[in-house]
Each structure stands twice: as C-alpha cells, then as structure tokens.
Amino acid sequence: MTGRRTVLKGVLAASGAAVEPGVIAARPAPGRGSPYTTPVELRWLGVAGWEIVIDGGRSILFDPYLSRMPCLDRTGRLDPRLPLRPDRDLVERVAADRLAGPPELVLLSHGHFDHVADVPQLVARPAWQKARIRTVCDETVRHLLTAMGTPPTRLDDVIQVKGGEYLQFDGYTVEVFRSLHSQLTGHGCFAPGRRLAAPPRPAVLGDLVEGDTLAYQVSVEGGPSVLLMGASNFVERELAGIRPDVALVPMSSHSALHRYVERLLRAVGDPPLLIPTHHDDMATSLLASPARLTASVEPSAAEELSRVAAPGSHVLRPRPLRPVALTTQLS
C-alpha cells in the first residue's frame, strides 16, 4: 500500500469492444462456464473494495473502504500514527447514491483501516435497518468491528472464518482461502498483529491490525466465479487448482515477492478476465471529478498484468464506481 498519483489511459480502447454508456465493458473473453443465465456486475469502490451485483439487485460487498482518510507521512509512506478520521458524510452519500442497496454479505480480507474502517457505519445505516447483513471475517476483524461500535444485531450475524470454509448461500457459494498480506520493500508489513478480544476503541490507523488475511471466491449459480483478494500476496498451495472466470488482482507494492503476478495467474489457471485492484492513491475523494479520479489510478498496474497475462486472458482497467458488466462480456 503506497501513495501514487498517475494518469489512467482509458479502457482497452484498441479492443473494439462496444461500451454501453455508463458501463465499462471488457473485451469479450469466453468464460469457463459460459453461456451464463444470471447477470453479474462489478463496481470498484477504490483501494481493494468491490461490490458484486447479482441479477440486477442482490449485493455483496468486499473490503468497502470509502472514506479515503489521510494516511501518508511527508515521505509518502503509510503512517500508523495518523488518526482514524472516517468521512461519514462521504460514506453515506456513496452508499445512498452509488451502491445497489443493502448487501447480503460483507466479505473482509483483513483488519487494516483501508479495508474495515467504514464497515460499522455501512452496516448500521438506518436505510438498511430492515435488511439482514452478514459479515464474513476472521476473529481479529470481528473484535475490531466490536471495538469500533458495530451494532450488536450486526455482530450477531458475523460469520467468523479461518480459511478452508465453503459456504452455501441462496444462488451462490463463497469459498474462503487462507492468504497473506503484502510485504513492504524490507519484507515487513504495515500494522501486523492479532486480537483475541475486543481492544479499546481504535484511535489511529495502526490500531486496526491485520489479523489473518483471507481471500474469497464467489461463484454465482448460472453466472461467473470471481476471485477477490485484499493484498498483493497469496498462499500458492491454497489457490492452486481453482479456476475463477474473473480475478481481481491487487497491485500494491510487491517488489519484495518472487514473481507474484506470474505465480498467481498460473496457480489459478490464467482466468479469462483480469482486473487490477488496490492500485489507486487511496486519497482522492470518490466524489471528485472524473479527471481527478482517473489521475488517482496507477496505469502501470494494468500494463504489468497485460505483459504477463496468458494469450487467452484479457485485462480490464476499472474506473471507480463505474459498473463492469461481467456476464455479457464473458459470454
């Protein structure tokens, strides 16, 4: 997780794919399970966050971080001493105006601020009060959600996992994989640690510790399967042999890892559609102008994916809050 500000240069303009107004369309790539009968869309929420929308309205959130609070020191490095300052007004505006509705599930990869800080506010929204929202996370994240004031009724609906679970829901499954967090240049990690009980209310970024990092695969009945990861690292033996149609590939700093992207893509069988994630500056407001949002995204992430992708894979450059019509493009 590093601060970056560069220019994103469009969405596979050379592919010739038709783009519906307001919807990003990937270059057509045959999915492993196509033809599909259940429409599925993705919406990038910035950083590692995504919304999966099934059949036009059923929503799953993954690592939904909307606040974009100040997080870097003067040298551009993450500073764990900076205060937690969620932008409650922005979170409410994005949830009300840009999300599909109350999520059935909130999948959380680990406990860092840019993955969980806004979850207590989101699940407590009055507009979603009548909906059941289940949160899937490890023990540490459950304790952090408690410490941040998540309503008890929502905590009662937490599904605590360790990795290895294969969960059945109405119309889709969720597989949970043990994973690893990104490593910094010196092979360390930001805010490591676990919590075995609820700590005092978190006050600074570093109080939201990693816990145990998880990855997920959501497989929709009659639709595609999507691999969701919250950090630029993985346990190769955990993911080897799965075959997602879509891989959301975190592209934060991974220079300390041996051939991270190549190993990941080969382990999961070179998915037909690859989408970089966790490759923006983590600071520009999601309500900023389209030009500013474009400038907040690192274009080299998609370029790196394109260089190592197999011939049958295609790379989509996402835009924050713009839906990606998955089912149509994979069919």
Co-membership, hydrophobic cluster, residues L227 and L180, 4.5 Å side-chain = no
Stepwise side chain to side chain contact (heavy atoms under 4.5 Å, CB included) test for F177 and L239 = CA-CA 7 Å; F177 304 102; L239 298 186; 3.6 Å; yes
More than 12 heavy atoms of other residues, nucleotides or ligands under 6.0 Å from [atom1] of [X]: is that the case?
| X | atom1 | value |
| --- | --- | --- |
| R93 | CZ | no |
| Q129 | CD | no |
| D97 | CG | yes |
| R259 | CZ | no |

Shortest non-hydrogen contact from [X] toward [Y]:
| X | Y | value |
| --- | --- | --- |
| V204 | R81 | CG1-O, 3.5 Å |
| P272 | P244 | CD-O, 3.8 Å |
| I133 | D157 | O-CB, 3.6 Å |
| F62 | Y216 | CE1-CD1, 3.8 Å |
| S232 | S253 | CB-O, 4.2 Å |
| P224 | T327 | CD-OG1, 4.1 Å |

Would you call [X]-[Y] a salt bridge at under 4.0 Å N-O?
| X | Y | value |
| --- | --- | --- |
| R132 | D156 | no |
| D212 | R194 | yes |
| R134 | E104 | no |

Are a donor atom and an acceptor atom from the side chains of [X] and [Y] found within less than 3.5 Å of each other?
| X | Y | answer |
| --- | --- | --- |
| T213 | S179 | no |
| D270 | S313 | no |
| H254 | E304 | yes |
| D281 | T284 | yes |
| D55 | T38 | no |
| E51 | S59 | yes |

Among D280, I275, T277, V297, find the one that has a side-chain contact (heavy atoms from CB on, under 4.5 Å) with P318.
->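 For P318, the side-chain contact (heavy atoms from CB on, under 4.5 Å) check succeeds only for I275.
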So H110 and H181, would you call those rings parallel, tilted or perpendicular, with 30° and 60° as cut-offs?
-> perpendicular
Residue pair V116, M148: steps toward the side chain to side chain contact (heavy atoms under 4.5 Å, CB included) verdict = CA-CA 10 Å; V116 307; M148 288 189 288; 4.0 Å; yes
Take R154 and T135 through the side chain to side chain contact (heavy atoms under 4.5 Å, CB included) test and state the conclusion after the steps.
-> CA-CA 8 Å; R154 296 306 194 196; T135 299; over 6 Å; no
For the ring pair H278 and W50, is the centre-to-centre distance below 6.0 Å?
->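 Ring centroids of H278 and W50 are no less than 6.0 Å from each other.
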Hey, what do you get for CG (L108) to CG (D138), rounding to the nearest 0.5 Å?
->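 CG of D138 is found 9.0 Å from CG of L108.
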Hey, could you give me the CG/CZ distance between L287 and R98, rounded to the nearest 0.5 Å?
->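 Rounded to the nearest 0.5 Å, the CG-CZ separation comes to 7.5 Å.
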